[in-house]
There are 2 protein chains.
Amino acid sequence: MSKTLQQIDYSKETEALARFSKALGHPTRLIILKYLSNQSYCYTGDLVDVLPLAQSTISQHLKELKEAGLIDGELKPPKVKYCINQKNWKKASKLFSTIFDEDFTDFSCC
Amino acid sequence: MSKTLQQIDYSKETEALARFSKALGHPTRLIILKYLSNQSYCYTGDLVDVLPLAQSTISQHLKELKEAGLIDGELKPPKVKYCINQKNWKKASKLFSTIFDEDFTDFSCC
DNA sequence: ATTTATTATCGTATATTTGCGATTAACTAT
DNA sequence: ATAGTTAATCGCAAATATACGATAATAAAT
């Protein structure tokens, strides 16, 4: 009686929220986003100067944030200028709001 | 010139937010939390009935949510009654709010 | 003491993530 | 054309995550 599996069809919203959450699920990436918000934009090299991680590692984290849609990269040769993707950031914000809404989970319980 | 590494000392808040995010970073766990919020509580078996996943897999996801502090489990032999951990849920809510605050990232950019 | 019901844990396989150094690619400037 | 600067990608290793079936644990009820 194996409960076959793979693919479960999650809703678009669930998929999206999981994606965003996963991207936020590493301290380094949170630091990057925080830095990015303070500076409004930054280059890869700025982060390499700030973080005690190899350039390749930081580049990888940036890639993940970009693939999750949370940041954009713009070519400014020979640099790359990163900034937060406002559209998706708002989308993420809304999705997290629904989760943490009062009536999502305000129960007397256990 | 290796940028030694491991351990980076992230702030408590960053660690906590990463932890919560990671726990939310899988669709199945979001479904579980959603279910849990609709029912206010549930047993493992309820989820096994609902989700197309093996009992052991679901138990594992519950464990992760529990270890992240997002849910509590109470023994009601032979069942286990799960519910959302309101205290940590609020904590998570606040942490995510700080991230998605207006002034965290509302810039003209790129 | 045995059986039943429920759930956690173990062992395993596979996939993904995280990190590194080395290399390549892209574009400037000489 | 060559050299310089910056960042992405490749290849690798180690750790973690995700799924499963099988087994163990827990407590109730017979």
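Every chain is numbered from 1 and lettered A, B, ... according to where its sequence line falls, protein lines coming before strand lines.
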Show the nearest heavy-atom pair for residues F20(A) and A92(A), with the distance to one decimal.
CD1-CB, 3.7 Å
When we call it a touch if two heavy atoms are under 4.0 Å apart, what does K22(B) touch: a base, just sugar-phosphate, or nothing?
sugar-phosphate
To 10°, what angle do the rotation axes through the five end pairs on each side of the helix from dA1(C)-dT30(D) to dT30(C)-dA1(D) form?
0°
Can you check the Q60(A) CD to dT16(C) P distance for me, whole Å?
14 Å
Where is the tightest heavy-atom contact between R29(B) and K22(B), given as atom of each residue plus distance?
NH2-O, 3.4 Å
Choosing from dC20(C), dA26(C), dT17(C), which nucleotide comes nearest the side chain of A54(A)?
dC20(C)
Could you give the CD1-to-P distance, from I32(A) to dT18(C), as a whole number of Å?
11 Å
Where do S11(A) and T14(A) land on the side-chain hydrogen bond (donor to acceptor under 3.5 Å, both in side chains) test, with the steps shown first?
CA-CA 5 Å; S11(A) 76; T14(A) 300; 2.9 Å; yes
Could you check whether F100(B) and F96(A) have their ring centres less than 6.0 Å apart?
yes
Starting the side chain at C-beta, find the nucleotide from dT17(C), dA17(D), dC20(D) nearest to E64(B).
dA17(D)
Rounded to whole angstroms, how far apart are CG on L75(B) and C1' on dA5(C)?
14 Å
Here the distance between atom P of dC20(C) and atom CD1 of I8(B), to the nearest Å, is 8 Å
Test D46(A) against Y35(A) for side chain to side chain contact (heavy atoms under 4.5 Å, CB included), laying out the working first.
CA-CA 10 Å; D46(A) 300 338; Y35(A) 186 87; 3.6 Å; yes
Proximal nucleotide (of dG19(C), dG21(D), dA19(D)) relative to the H61(A) side chain:
dG19(C)
Close N/O contacts between protein and nucleotides 4-7 of chain D (under 3.5 Å):
from, atom 1, to, atom 2, distance (Å)
dA7(D), OP1, T44(A), N, 3.3
dA7(D), OP1, G45(A), N, 3.4
dA7(D), OP2, G45(A), N, 2.9

Check the pair L51(A), I8(B) against side chain to side chain contact (heavy atoms under 4.5 Å, CB included), reporting the backbone distance first and the verdict last.
CA-CA 9 Å; L51(A) 297 170; I8(B) 306 179; over 6 Å; no
Can you check the L24(B) CG to dA17(D) C1' distance for me, whole Å?
16 Å
Starting from the 5' end of DNA chain D, give me the residue, H26(B) or P77(B), whose nearest nucleotide shows up first.
H26(B)
